[in-house]
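Below: one structure, written as structure tokens.
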Amino acid sequence: MQKIRRYAFTAACIASTLAAAAAIAALPDEIQVYTSDINKPGEVGLEMHVNTTPSGRSAPDFPGEIAPAPAWRFTPELSYGITRTLEVGLYVPMVVARDEQRIGGAKLRFKWLPVQVDEQGNGVFAGANFEYAWVSSRLEQATQGIELRPIVGWRDERWLLATNPILDFDRAGPDRSWTPAFVPSVKVARTLREGIAAGFEYYGDIGRVNDTLPRAEQSHTLYLAFDVDKGPLPFNFGIGRGLNGSTDRWTVKAIFEIPLGSK
């Protein structure tokens, strides 16, 4: 009965996100659904986020923007475990385009995960991630932004279900506001064999919560994603397909985990 209640709880969370938006997108420097992972106290971690757009928007949306296609985005992320439930991280986005290489700024985040899986890695997990970003106007019009990312999910030895119903606040630029945009993401994965899982990741951007975009202008992307947690360099790899005309047609992304040890 307890397991059934956990299934129902997680399914309800994911269903509410999908019902609110049949739409998908992600920030170009970090295409990731946050799950149950968190550094142990004193543990230092390094991840490298890499993605590119083989087929997509090649014209800038605003003056001076580096368009997604065919640029490459590289984002190293350094993280540190403060307590059992609190982790701090720093992103440094970088973009490599045809005629330009640019460091895109910095993003500081704090992850709080008070509800965690058991010692075997099973059960419900829940928390939130808070992020403040300072980015180049060549990447986004909102050169400062706040992200509040709830983290809710459930996992066992076979399945992982997770959702991040993100709220994004533009704190600079022409759309500066304390009214957030709703940017949901969902991950469903199944373990195929020890250390290897496959499934789908779904990202969306439907506009501000009080003034959603018309469906044709929303962003919809679905990824076939693989997680390999074995060997010296665990990684996530995904191929994303835009589901409407306003979304980049194809995006390829990877996240490489580079262990640095602990104190």
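Just so it is clear, the structure is predicted and the values come from calculations on it, not from any experiment. Residues: numbered from 1 along the sequence shown.
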As a quick check of understanding, evaluate side-chain contact (heavy atoms from CB on, under 4.5 Å) for M94 and R102, giving each step before the final call. CA-CA 6 Å; M94 294 180 284; R102 175 176 291 271; over 6 Å; no

Could you go through F125 and L160, starting from their C-alpha distance and side-chain angles, then the distance that decides it, and tell me whether this counts as side-chain contact (heavy atoms from CB on, under 4.5 Å)? CA-CA 11 Å; F125 54 90; L160 166 64; 4.0 Å; yes

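Here V88 pairs with Y80, I82, L108, F110 under the side chain to side chain contact (heavy atoms under 4.5 Å, CB included) rule; sequence neighbours left out. Listed by chain and residue number, I66, A71, R73, L139 satisfy the side chain to side chain contact (heavy atoms under 4.5 Å, CB included) test with V95 (two or more places apart in sequence, or in another chain). The side chain to side chain contact (heavy atoms under 4.5 Å, CB included) check on D229 picks up P234, with sequence neighbours excluded.
Using a 4.5 Å heavy-atom threshold, the side chains of D248 and T221 count as separate. Side-chain contact between Y132 and R109 is absent, with no heavy-atom pair separated by less than 4.5 Å. Looking only at side-chain heavy atoms (C-beta outward), L224 and F200 come within less than 4.5 Å of each other. Side-chain contact check for K40 versus R84: every heavy-atom pair is 4.5 Å or farther apart. Between F130 and I146 there is a side-chain heavy-atom pair separated by less than 4.5 Å. The shortest side-chain heavy-atom distance between D170 and S177 does not fall under the 4.5 Å cut-off. Looking only at side-chain heavy atoms (C-beta outward), H49 and D29 stay at 4.5 Å or farther from each other. In this structure the side chain of V188 reaches within 4.5 angstrom of the side chain of L161, judged on heavy atoms.
Atom CD of residue Q116 and atom CG of residue D37 lie 10.5 Å apart, to the nearest 0.5 angstrom. Atom-to-atom distance recorded for T191:OG1 and D156:CG is 8.0 Å, nearest 0.5 angstrom. Summarising the geometry, atom OG1 belonging to T212 is positioned 11.0 Å from atom CG belonging to D205; distances are rounded to the nearest 0.5 Å. Once rounded to the nearest 0.5 Å, the distance linking OH of Y34 with CG of N129 reads 4.5 Å. The CH2 atom of W250 lies 7.5 Å from the CD1 atom of I239; values are rounded to the nearest 0.5 Å. Atom CD1 of I166 is separated from atom CZ of R149 by 3.5 Å, given to the nearest 0.5 angstrom.
Under a hydrophobic clustering in which Ile, Leu, Val, Met, Phe, Trp and Tyr are joined whenever their side-chain heavy atoms come within less than 4.5 Å, directly or via other members, W159 and Y202 fall into the same cluster. By the rule that hydrophobic residues join a cluster once side-chain heavy atoms approach within less than 4.5 Å of another member, F237 and V228 end up as members of one cluster. Note on L243 and V186: same hydrophobic cluster, where clusters join Ile, Leu, Val, Met, Phe, Trp and Tyr whose side-chain heavy atoms are under 4.5 Å apart, directly or indirectly. Hydrophobic cluster membership is shared by V50 and I103, with clusters built from Ile, Leu, Val, Met, Phe, Trp and Tyr side chains linked at under 4.5 angstrom.
A salt bridge does not link K107 with E30: none of the charged nitrogens is closer than 4.0 Å to a carboxylate oxygen. R57 has a carboxylate O that lies under 4.0 Å from a charged side-chain N of E65, or vice versa, which qualifies the two as a salt bridge.
The two residues L90 and A106 come nearest to each other via the heavy atoms CD1-CB, 4.3 Å. Between A198 and L192, the shortest heavy-atom contact is CB-CD1, 3.8 Å. The two atoms that bring G121 and R155 nearest to each other are O-CG, 3.1 Å, heavy atoms only. Between P54 and V252, the closest heavy-atom pair is CG-CG2, 4.1 Å. Heavy-atom minimum distance, Q32 versus Y91: OE1-OH, 4.2 Å. The two residues S185 and T163 make their nearest non-hydrogen contact at O-OG1, 3.2 Å.
Residues N236 and D227 have side chains that bring a donor and an acceptor to within less than 3.5 angstrom of each other.
In this pair, F74 and W72 present their aromatic rings parallel. The plane angle is below 30°, not in the 30 to 60° band.
Side-chain atoms of S79 do not come within 3.5 Å of backbone N or O of L46 as any donor-acceptor pair. Panel note: side chain Q218, backbone L213; a donor-acceptor pair is recorded below 3.5 Å. A side-chain donor-acceptor contact under 3.5 Å links E87 to the backbone of N39. Side chain of T247 to backbone of H220: a donor-acceptor contact under 3.5 angstrom is found. The backbone N or O of V33 sits nowhere less than 3.5 Å from a side-chain atom of K187 that would complete a donor-acceptor pair.
Within a 6.0 Å radius of CZ in R190, more than 12 heavy atoms belonging to other residues, nucleotides or ligands are found.
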